[in-house]
Amino acid sequence: SSTSANSSPNPPAAGGAGAAASPSVAAVGTNVGVVEKEFSITLDKASFTAGDYTFAIQNQGSFPHNLTIQGPGVDSKASPTLGAGESGSLTVALHKGSYELSCSVPGHKDRGMDIKITVG
């Protein structure tokens with residue numbers, strides 16, 4: 001009985017280590033929820049400090065939207081364009097300064113899909 005007790009912990013331990021590593025791969029840094037629709041971008045976080053962020057984007061509108069980020073150290077990084085009801089993510093390293101988050105689908109930024117955040 002001691003043999004089966006010794007051999008059974010090994011596979012779960014290996015699986016446990018793999019499972020523990022998965023969450024860090026899924027999202028880098030701080031997760032920020034983003035809702036896009038016609039014609040607005042809403043974040044579930046109001047204050048930002050320098051660091052890595054994963055923007056978890058949900059398109060709750062009827063048209064395709066994306067999230068484009070421009071600011072210090074970030075040169076127009078954009079998520080994939082998401083169709084109605086789709087979701088995706090965009091991971092960026094934010095530095096101190098001001099950033100503009102917008103939808104780069106033609107005409108959408110001009111119609112209000114444009115917000116600014118300050119990283120402290």
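Just so we're clear, the structure is a prediction, and the values are computed from it rather than from any experiment. Only this structure's heavy atoms are used, side chains among them; waters, hydrogens and symmetry mates stay out.
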Could you go step by step and tell me if T30 and K45 meet the side chain to side chain contact (heavy atoms under 4.5 Å, CB included) rule? CA-CA 10 Å; T30 304; K45 185 170 176 58; 4.0 Å; yes

With side-chain hydrogen bond (donor to acceptor under 3.5 Å, both in side chains) as the criterion, how do Q70 and S76 come out once you've worked through the C-alpha distance, each side chain's angles and the decisive distance to 0.1 Å? CA-CA 5 Å; Q70 176 81 41; S76 292; 2.4 Å; yes

Derivation of the side chain to side chain contact (heavy atoms under 4.5 Å, CB included) call for I41 and F55: CA-CA 12 Å; I41 299 173; F55 291 87; over 6 Å; no

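The closest side-chain heavy-atom distance from V105 to M113 is not below 4.5 Å. By the 4.5 Å heavy-atom criterion applied to side chains, C103 and H65 are counted as neighbours.
If you chain together hydrophobic residues whose side chains sit under 4.5 Å apart, V28 and Y99 never meet in one group. Hydrophobic clustering of Ile, Leu, Val, Met, Phe, Trp and Tyr side chains at less than 4.5 Å, counting indirect connections, unites I57 with V92. Hydrophobic clustering (side-chain heavy atoms under 4.5 Å, transitive across Ile, Leu, Val, Met, Phe, Trp, Tyr) groups L101 together with V119. Hydrophobic clustering (ILVMFWY, side-chain heavy atoms < 4.5 Å, transitive): V32 and V35 are in distinct clusters.
Below 30°, between 30° and 60°, or above 60°: for F39 and H108 the angle between ring planes is above 60°, a perpendicular geometry.
E86 is linked by a salt bridge (Lys or Arg N to Asp or Glu O under 4.0 Å) to nothing, counting only residues two or more places apart in sequence or in another chain.
Looking at every heavy atom in both residues, G97 comes nearest to P72 through CA-CG, 4.2 Å. Contact between V74 and A93 at its shortest, heavy atoms only, is CG2-O, 3.6 Å. Scanning all heavy atoms of the two residues, the minimum distance from Y53 to T49 falls at OH-O, 2.6 Å.
No more than 12 heavy-atom neighbours from other residues, nucleotides or ligands sit within 6.0 angstrom of NZ on K96.
Considering CD1 of I115 and NZ of K109, their distance stands at 12.0 Å, rounded to 0.5 Å. The distance from atom OG of S104 to atom CD1 of I69, rounded to the nearest 0.5 Å, is 11.5 Å. The line from CD of Q58 to CG of L82 is 10.0 Å long, rounded to the nearest 0.5 Å.
Judged by distance alone, the side chain of D114 and the main-chain N or O of S102 form no donor-acceptor pair under 3.5 Å. Within the 3.5 Å criterion, the main-chain N or O of P64 finds no donor-acceptor partner in the side chain of T81. For the pair N66 (side chain) and A78 (backbone), a donor-acceptor distance under 3.5 Å is absent.
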